[in-house]
Amino acid sequence: MGVATEPARFAAAAAGGLLDPQAEAMSRDELSALQLQRLRETLANARANVPWQRARIDAAGLDPQALRSLDELRALPFTTKADLRDHYPFGLFARPVAGLARIHASSGTTGKPTVVGYTAGDLERWAGLVARSLYCAGVRPGDLVHNAYGYGLFTGGLGAHDGATKLGCPVVPVSGGGSERQVALIMDFRPRVLCATPSYALALAEVAESQGVDLRRSGLGIGMFGAEPWSAAMREEIEARIGLRAVDIYGLSEIMGPGVACECGQRDGLHGWEDHFLFEVIDPETGQPAAEGAAGELVITTLTKEALPMLRYRTRDITRVARGRCACGRSHLRILRVAGRSDDMMIIRGVNVYPSQVEAVLVGRAGLAPHYQLVLTRQGHLDRLRIEVEAEPGVPESRFGELAAEAIHHIKSLIGVSAEVVVLWPGSVPRSQGKAVRVRDLRPKTD
Ligand code: DLL
């Protein structure tokens, strides 16, 4: 089994005992065989230790040890966020709380938070996958990592931290917020790597610029950006303003946290780590598999999680996957940039729109700043979309009307929806400290 390209990189990592080049480059047959064996173990763990899972596995007629193909898993119903909430806090855990090493939880903007647990072994594997992701993105042992993901119940901070430590990188555990101080620390400490949400990276760039500080001179080389949808236009904006290579990293707490998938140098999708997860793409309406290569909702099954085995978890994230070996040598499938969550999809006069599509049109447009919010209202039975976007500093108010008219035109011609656009003074849109709030939904609640 050969790694076509980058053999030296893989070899160096392997020599340090940090990564397993075989695991990332194994053939499809080897990968499938490993997945099947791990799926049997996962089903057995879930069945033995989670009564709710046992009932579902038995009802689907699945015998974990007798499983002969990965496709048999399709007999099992999906798991949703609601299932986690219904078993709040620990009802889906396959280990007693006393046997866990850590608990994380989602912020839970609606209702109860979703709570996830990890054994010491889970944390070890998670750190390994984040280390693998960082390495895949170009981070090397010894690189100083400025970690501006929030520490706490959110998986971003500690997840990135443990992965960087595992790779042999010193970490500045700065967390989110206090942007002036962060800019000063970056200029003084000269980290090579910035971990943050893309919207917070942009907020840092803005604060630096307002202080007359040029982050392009900071020595930053790589940004590990994720936790929220971001467009290619946003990537260009961040790269130009901070002077680094912006890498997309994906993950979700229900499955693990950051490091479920990560881009390599090819920029042709994010490698989803198939030795630890089984990925499906389904039609969100029918629940049936999407056609090969077609867009749909990503569904993930964990293959090595002890504390919280997840079977066919509906992520709500809309994407496409590409199979086949990547030019980097890795064989794991590629998840194409996550355009958005089905929950965030707006239907404006029958047209489906994701916030990131609007972002792709707005960001980089002369006269407009990359700070925006989408406001949804209802008039009669029709949903209306108002886009509030800031003017670039220095643009006179007399041009706001003309900028808005241009944006309306481009949104209509590129996305096909009629939206109202309001151009605002610089600084009017709230800045991100973590995940940006892109949509304000002012429609009357129906339930
Ligand atoms: O956001 C984990 C994470 C932390 C990923 C740091 C990357 C970096 P949650 O808070 O559970 O976990 O949110 C998960 O965020 O289902 C996606 O909708 C979205 N998301 C995460 N990464 C990306 C990305 C973390 N790279 C939810 N692109 C997911 C687009 C992303 N959306």
Side-chain angles (χ1 to χ4, degrees), residues 79-81 84-85 103-110 113-116 118 126-127 129-130 133-134 136-137 139 145 147-164 175-176 193-201 222-232 234-235 238 246-263 267 269-273 277 279 284 295 297-300 302 308 310 313-320 334-345 354-357 359-360 432-439:
T79 306
T80 64
K81 205 177 185 77
L84 277 161
R85 294 217 170 108
I103 285 173
H104 280 282
S106 77
S107 54
T109 40
T110 50
T114 34
V115 183
V116 296
Y118 304 78
W126 180 16
L129 287 183
V130 175
S133 301
L134 291 167
C136 178
V139 181
V145 174
N147 186 15
Y149 283 121
Y151 281 65
L153 288 175
F154 174 52
T155 53
L158 285 166
H161 185 114
D162 288 352
S175 197
V193 183
L194 171 63
C195 295
T197 59
S199 60
Y200 190 58
I222 299 177
M224 301 296 302
F225 301 136
E228 64 186 5
W230 53 309
S231 60
M234 185 63 95
R235 159 139 62 194
I238 294 172
V247 179
D248 198 353
I249 180 165
Y250 169 84
L252 61 166
S253 46
E254 293 86 346
I255 294 302
M256 186 178 77
V260 172
C262 187
E263 269 182 329
R267 291 203 163 179
L270 292 75
H271 287 288
W273 303 126
F277 309 106
F279 297 94
E297 180 180 335
L298 192 63
V299 170
I300 308 180
T302 63
L308 184 56
M310 288 297 258
Y313 183 71
R314 285 190 69 153
T315 65
R316 303 278 166 200
D317 292 325
I318 304 296
T319 184
R320 290 185 288 130
R334 277 155 294 146
I335 296 169
L336 302 188
R337 177 185 289 279
V338 172
R341 297 175 58 77
S342 53
D343 319 357
D344 291 340
M345 191 182 79
Y354 291 99
S356 60
Q357 287 176 283
E359 178 181 294
S432 159
Q433 301 260 308
K435 294 186 192 236
V437 178
R438 297 298 192 198
V439 181

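Numbering of ligands and ligand atoms starts at 1, following listing order. In this text, all values refer to a predicted model and were calculated from it rather than measured experimentally.
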- Message: Out of Cys262, Gly340, Ala227, who is nearest to atom 7 (C) of ligand 1 when you count heavy atoms only?
- Response: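 Nearest heavy atom to atom 7 (C) of ligand 1 lies in Ala227.
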
Is there side-chain contact between [X] and [Y], with heavy atoms separated by less than 4.5 Å?
X	Y	value
Tyr250	Ile255	no
Lys81	Tyr313	yes
Val145	Leu134	no

Give the residue and atom name of whichever protein heavy atom lies nearest to [atom], and the separation in Å to one decimal.
atom	answer
atom 18 (O) of ligand 1	Asp317 OD1, 2.6 Å
atom 11 (O) of ligand 1	Ser253 OG, 2.7 Å
atom 31 (C) of ligand 1	Glu228 N, 3.6 Å
atom 25 (C) of ligand 1	Gly251 O, 3.6 Å

Would you mind running through ligand 1 and noting each atom that sits below 4.0 Å from a heavy atom of [X]?
X	value
Ile249	7 (C), 22 (N), 24 (C), 26 (N)
Pro229	30 (C), 32 (N)
Gly156	4 (C), 6 (C)
Thr155	2 (C), 12 (O)
Phe154	1 (O), 4 (C), 10 (O), 25 (C)
Pro258	2 (C), 3 (C), 4 (C), 5 (C), 6 (C), 7 (C), 8 (C)

- Item | Part of Leu252 with heavy atoms under 4.0 Å of ligand 1, whether side chain, backbone, both or neither |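 It is both parts that get close, each with some atom under 4.0 Å.
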
- Task: With heavy atoms under 4.0 Å as the rule, classify the contact between Lys435 and ligand 1 as side chain, backbone, both or neither.
- Result: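 The answer is the side chain.
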
If I compare all heavy atoms of [X] with all of [Y], which pair ends up nearest, and what's the gap?
X	Y	value
Ile335	Gly272	CD1-CA, 4.2 Å
Val439	Pro355	CG2-CG, 3.7 Å
Ala160	Tyr149	CB-CD1, 4.1 Å

- Message: Please tell me whether Ser106 and Thr114 have a donor and an acceptor in their side chains that are separated by less than 3.5 angstrom.
- Response: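 Checked: Ser106/Thr114 side chains pair up, N/O donor to acceptor below 3.5 Å.
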
- Say you draw a straight line from OG1 of Thr197 to CD of Gln433; how long is it, rounded to the nearest 0.5 Å? 9.5 Å

- Item | Within 6.0 Å of CZ in Arg320, more than 12 heavy atoms from elsewhere |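 Result for CZ/Arg320: open.
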
N or O pair under 3.5 Å between [X] and ligand 1:
X	value
Thr315	no
Tyr149	no
Trp230	no
Val338	no

- Task: Evaluate the criterion salt bridge (Lys or Arg N to Asp or Glu O under 4.0 Å) for residue pair Arg316 and Glu254; output intermediate values, then yes/no.
- Result: CA-CA 12 Å; Arg316 303 278 166 200; Glu254 293 86 346; over 6 Å; no

Could you go through residues 223-230 and list every donor-acceptor pair under 3.5 Å that involves a side-chain atom there, pairing it with any protein atom two or more places apart or in another chain?
residue : atom : partner : partner atom : Å
Glu228  : OE1  : Ser199  : OG           : 3.2
Glu228  : OE1  : Ala436  : N            : 2.6
Glu228  : OE2  : Ser199  : N            : 2.8
Glu228  : OE2  : Ser199  : OG           : 2.7
Trp230  : NE1  : Asp248  : OD1          : 3.0

- Going by heavy atoms, is Ser106 under 4.0 Å from ligand 1?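 Checking ligand 1 against Ser106, which is what was asked, there is no heavy-atom contact under 4.0 Å.
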
